[in-house]
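What follows is a short report on a single structure.
When a ligand or atom number is given, it counts from 1 through the structure's own listing order.
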Amino acid sequence: MFNLANPPADFTQNPFPYYDELLANSPVTPQPDGSFLITKHADLNAIYRDTDLYISDKKQAFAPKFGTGTPLYEHHTTSLVFNDPPLHTRVRRIMTGALTPKALARMEPGLIAAVDMLLDQMPQAPDLIEDFASVIPIQIIGNLLDIPTSERGPLRDWSLAILGALEPTLTDVQLAKGHTAVSEFKLYLQDLIARRCANPGDPETDVLTRLINGDASGQLSEIELIHNCIFILNAGHETTTNLIGSGLALLHDNPAQKSLLQNDLTLINTGTEEILRLRSPNQFGNRETTAEVTIGGHKIPPRTNLHLCIGAANRDPEVFDNPTQFDITRQPNRHLAFAGGPHVCVGLTLARMEGRIAIQRFLTRYPNYQLSDDRTPGGRIRFHGYTHLPATI
Ligand code: HEM
C-alpha cells in the first residue's frame with residue numbers, strides 16, 4: 001500500500017509513475033495514520049467545492065506536527081489558506097481587491113521590464129532558477145507588498161523553510177529551520193508594518209496597506225496581519241518560480257513542442273496551462289472531513305485528514321486524453337493546479353501572467369538554451385520543481 005509518509009526513494013524526483021499506478025489501481029488509498037490519499041480529478045473537484053463537508057482548518061493536523069504555541073503552528077493556523085470563514089472570507093476579500101484585472105494590467109509593463117533586465121544581465125552559463133525563475137516572483141510579490149528592494153534578500157530562504165515544513169514528514173532540522181524562519185519573518189514584518197502605519201501606501205495597489213486598513217468589519221489583529229503577509233509572500237513565490245523553471249525544463253526536454261511554441265508564440269497561453277497541468281508547482285492540498293463521507297467506496301470518518309493529489313488528478317485519463325503527453329495546444333485543460341472552490345488561488349491570474357511573460361521572452365531571447373545534466377530537483381513532495389537548473393544560453 002502506498003504510504004505518503006514513507007514513499008519510495010525516487011518519489012520526490014519523479015512521482016508521476018506512482019500517481020499513474022494509484023489512479024489505475026487505488027484511487028483512494030487509506031494511510032497508516034488514518035488519513036486518506038485521494039487522486040481522482042472528479043473527487044478532488046467535488047471536495048474543493050464542498051466547504052461544509054471538507055474544511056481547511058488544520059489545527060487538529062498541525063498540533064502534533066508542529067506543537068501548539070510554536071511559531072510554525074501559529075503561522076500555519078492563522079493564514080487564510082488553512083482557515084474557514086469568517087477569517088478566510090475577510091482576508092481573501094481584502095487581498096483580492098488589490099489583484100483586480102485593472103491592477104494586474106498596471107503591473108504588466110513593470111514585469112516585462114524586470115524580465116528583460118534579467119535577460120540582458122544573464123551570464124553565459126546561468127542557473128535558470130537562481131538567475132531567472134526565482135528572481136521574478138520575489139520582485140513581483142515584493143512590489144505587491146511594497147517591500148523595499150534592499151530588504152528582499154532573506155525572503156526566499158524564509159519562504160523555502162516555512163513552506164518546506166508542510167512536507168508530510170519532517171526532520172528535526174527542517175522543523176527547526178521552519179520555526180526560526182517564522183520568528184525572523186515576524187520580527188521583520190512587525191518593523192515593516194510600523195513603518196507602513198506611519199507612512200501608508202496606496203491601498204489600490206499596496207496589499208500591505210489594504211491589510212492594515214482592514215474592511216468594514218474592522219481591522220485584522222496584529223498576529224493575523226503578520227501571518228497573512230507571510231503567507232502571501234510565500235504563496236506567490238516558490239510556486240511561480242517552479243512554474244517558470246519546470247516550464248523551461250519541459251520545453252527543453254520536448255524539442256518538438258518547443259519549436260511549435262517558437263513558431264507561434266500565441267501558444268504560450270495554452271502552453272502555460274499545460275506546464276501547470278503536467279508539473280503543478282503545488283502537488284498536494286489537504287482538507288479535513290466534518291462528517292462521515294464515502295469516497296471511491298471507502299467509508300471515511302469525520303475529522304479525517306485527506307491528502308488531495310493535484311499532480312495525479314491532472315493526469316486522470318477520465319478527464320485528459322493522452323494524459324502523460326506534454327501537449328502545448330491542449331484544450332480544454334481543466335487542470336487543478338490552482339485548486340478550486342472558495343480557496344482557489346488568489347494569485348492565479350498574476351501567476352499565469354508571470355509564467356507566460358517569463359517563458360515567452362526567455363525563449364525569444366535565448367532560443368537555443370541547453371540544460372546541463374546536473375539539475376537539482378527540489379526533493380520535496382508537496383512542492384514540485386528544481387532548486388538548480390544549470391544551463392548554457
Ligand atoms: C504557479 C503559481 C501558483 C500556484 C501553482 C498556486 C497554487 C495554489 C493552490 C493550489 C492554492 C489552494 C490551496 C488550498 O486551498 O488547498 C492556492 C491558494 C492561494 N494562493 Fe496560490 N498559487 C500560485 C501563485 C500564487 C501567487 C502569485 C499568489 C499571490 C499573489 C498566490 C496567492 C495565494 C493565496 C493568497 C491563496 C489562498 C487562497 C485561499 O485560501 O482562499 N498564489 N494557490
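Residues Y19 and F16 bring their aromatic ring centres within 6.0 Å. Outside the 6.0 Å centre-distance limit, the rings of F36 and H307 are not counted as a close aromatic pair. Two rings, from F62 and Y73, have their centers 6.0 Å or more apart.
No donor-acceptor pair closer than 3.5 Å links the side chain of R356 to the backbone N or O of I268. At distances below 3.5 Å, not a single donor-acceptor pair connects side-chain atoms of S159 with backbone N or O atoms of L155.
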Measure from every N or O atom of ligand 1 to the protein's N or O atoms and keep only the pairs below 3.5 Å, writing each with atom names and distance to 0.1 Å.
unit_1, atom_1, unit_2, atom_2, d
ligand 1, 15 (O), R287, NH1, 3.4
ligand 1, 15 (O), R287, NH2, 2.9
ligand 1, 16 (O), R287, NH1, 3.0
ligand 1, 40 (O), H343, ND1, 2.6
ligand 1, 41 (O), H88, NE2, 2.5
ligand 1, 41 (O), R92, NH1, 2.7
ligand 1, 41 (O), H343, ND1, 3.4

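Between R330 and the options E273, Q325, E274, a side chain to side chain donor-acceptor pair (under 3.5 Å) holds for only E274.
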